[in-house]
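To start, the structure itself, in structure tokens.
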Amino acid sequence: MLPPSELVDFCTSQYPRVLGTIRLLVHDERLAEDLSQETFVRVCRDWERVYRLENPGPWVNRVAVNLALSALRKRGSEGRANARLGASTSPEATTDLGYPYEQAAVLDALSVLDVRLRTVLVLRFFADLSVGEVGDLLGIPEGTVKSATRRALDVLRDAGLIEKVQLHD
């Protein structure tokens with residue numbers, strides 16, 4: 001087993017990226033922190049297996065994204081149930097995340113996308129994953145990643161949230 005310092009170093013280096021990715025996916029600061037912490041609880045729990053991976057980063061990404069998508073599905077289910085019951089919708093997402101203006105604008109822009117398109121964009125451009133890595137992580141073909149990326153950018157462009165973007169895959 002690797003010494004605990006290796007685990008600490010790994011978690012310290014990965015945490016900001018994981019938190020940022022989840023934050024962009026769920027658009028809720030408290031939930032993003034909770035899900036990031038849960039991700040690293042799992043890293044610690046499975047460290048014997050994780051540290052043996054050639055590159056454990058993708059494993060951590062998969063855990064974080066799966067937790068975020070599960071939370072979003074739960075939020076959606078709760079919102080639909082509350083709407084049927086005439087109750088208030090799910091708790092309001094935190095909109096002031098303490099970001100500089102440009103980052104807040106990114107969050108606002110991403111909020112107009114459905115979860116699948118937002119997830120693809122976040123993984124491609126924030127987590128800086130390749131088309132293949134996003135496909136592997138989400139269990140979808142590369143062509144689907146490319147078309148979802150293009151569709152998401154088209155939605156943002158049509159809404160006037162971004163100008164023409166040139167992609168280089």
Side-chain angles (χ1 to χ4, degrees), residues 10-11 13-40 42-43 53 55-80 89-169:
F10 178 77
C11 292
S13 71
Q14 297 291 311
Y15 189 84
R17 184 182 46 75
V18 166
L19 176 61
T21 299
I22 293 175
R23 188 182 283 148
L24 290 172
L25 290 173
V26 301
H27 204 167
D28 181 321
E29 181 71 17
R30 288 182 299 261
L31 180 58
E33 289 174 0
D34 288 346
L35 295 174
S36 296
Q37 290 173 12
E38 176 61 27
T39 298
F40 286 96
R42 293 179 186 199
V43 167
L53 297 172
N55 181 5
W59 183 88
V60 174
N61 278 333
R62 181 177 297 275
V63 170
V65 169
N66 286 343
L67 288 170
L69 294 176
S70 292
L72 289 171
R73 280 190 297 273
K74 180 179 177 186
R75 182 189 290 166
S77 296
E78 289 171 350
R80 288 186 299 277
T89 58
S90 59
E92 210 174 286
T94 304
T95 55
D96 180 11
L97 301 177
Y99 283 134
Y101 173 76
E102 294 81 15
Q103 291 172 327
V106 169
L107 283 170
D108 290 343
L110 289 174
S111 70
V112 304
L113 298 172
D114 68 40
V115 172
R116 189 175 80 106
L117 296 180
R118 181 172 55 220
T119 301
V120 169
L121 275 193
V122 168
L123 294 175
R124 284 284 290 123
F125 300 114
F126 178 79
D128 200 28
L129 300 180
S130 70
V131 170
E133 290 169 328
V134 172
D136 289 345
L137 189 117
L138 298 177
I140 58 177
E142 288 185 21
T144 303
V145 173
K146 289 177 182 179
S147 64
T149 301
R150 175 62 57 204
R151 199 167 27 257
L153 291 173
D154 288 345
V155 167
L156 295 177
R157 194 175 304 107
D158 292 347
L161 296 168
I162 61 170
E163 294 184 26
K164 185 171 174 86
V165 174
Q166 296 295 322
L167 295 180
H168 304 285
D169 288 327

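The chain is numbered in sequence order, starting from 1. For clarity, every value in this text was computed on a predicted model and none was experimentally measured.
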Report the C-alpha separation of V63 and V43 in whole Å, then their side-chain angles, then the decisive distance to 0.1 Å, and conclude whether the side chain to side chain contact (heavy atoms under 4.5 Å, CB included) test is met. CA-CA 9 Å; V63 170; V43 167; over 6 Å; no
May I have the step-by-step check of side chain to side chain contact (heavy atoms under 4.5 Å, CB included) for T144 and R116, ending in yes or no? CA-CA 11 Å; T144 303; R116 189 175 80 106; 3.5 Å; yes
Please lay out, stage by stage, how L156 and L121 fare under the test side chain to side chain contact (heavy atoms under 4.5 Å, CB included). CA-CA 11 Å; L156 295 177; L121 275 193; 3.7 Å; yes
Verify side chain to side chain contact (heavy atoms under 4.5 Å, CB included) between V131 and T149, making sure each step is shown before the conclusion. CA-CA 9 Å; V131 170; T149 301; over 6 Å; no
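The OG1 atom of T39 sits 9.5 Å away from the CG atom of N61 when rounded to the nearest 0.5 Å. Q14 contributes atom CD, which lies 12.5 Å from atom CG of L19 (distance to the nearest 0.5 angstrom).
Of the options L161, L113, D114, a side chain to side chain contact (heavy atoms under 4.5 Å, CB included) to V155 is made by L113 and by none of the others.
Pairs passing the side chain to side chain donor-acceptor pair (under 3.5 Å) check and including a residue from residues 129-139, sequence neighbours excluded, read S130-E133.
The two residues H27 and S111 make their nearest non-hydrogen contact at ND1-CB, 3.7 Å. Scanning all heavy atoms of the two residues, the minimum distance from F10 to P56 falls at CE1-CG, 3.6 Å.
Checked against side chain to side chain contact (heavy atoms under 4.5 Å, CB included), A68 has the following partners two or more places apart in sequence or in another chain: I22, L25, V26, L35. Here E38 pairs with R42 under the salt bridge (Lys or Arg N to Asp or Glu O under 4.0 Å) rule; sequence neighbours left out. For D154, the salt bridge (Lys or Arg N to Asp or Glu O under 4.0 Å) partners two or more places apart in sequence, or in a different chain, are R157. Contacts of S70 classified as side-chain hydrogen bond (donor to acceptor under 3.5 Å, both in side chains), with partners at least two apart in sequence or in another chain: R73. Here Y15 pairs with F40 under the ring-ring contact (aromatic ring centres under 6.0 Å, His included) rule; sequence neighbours left out.
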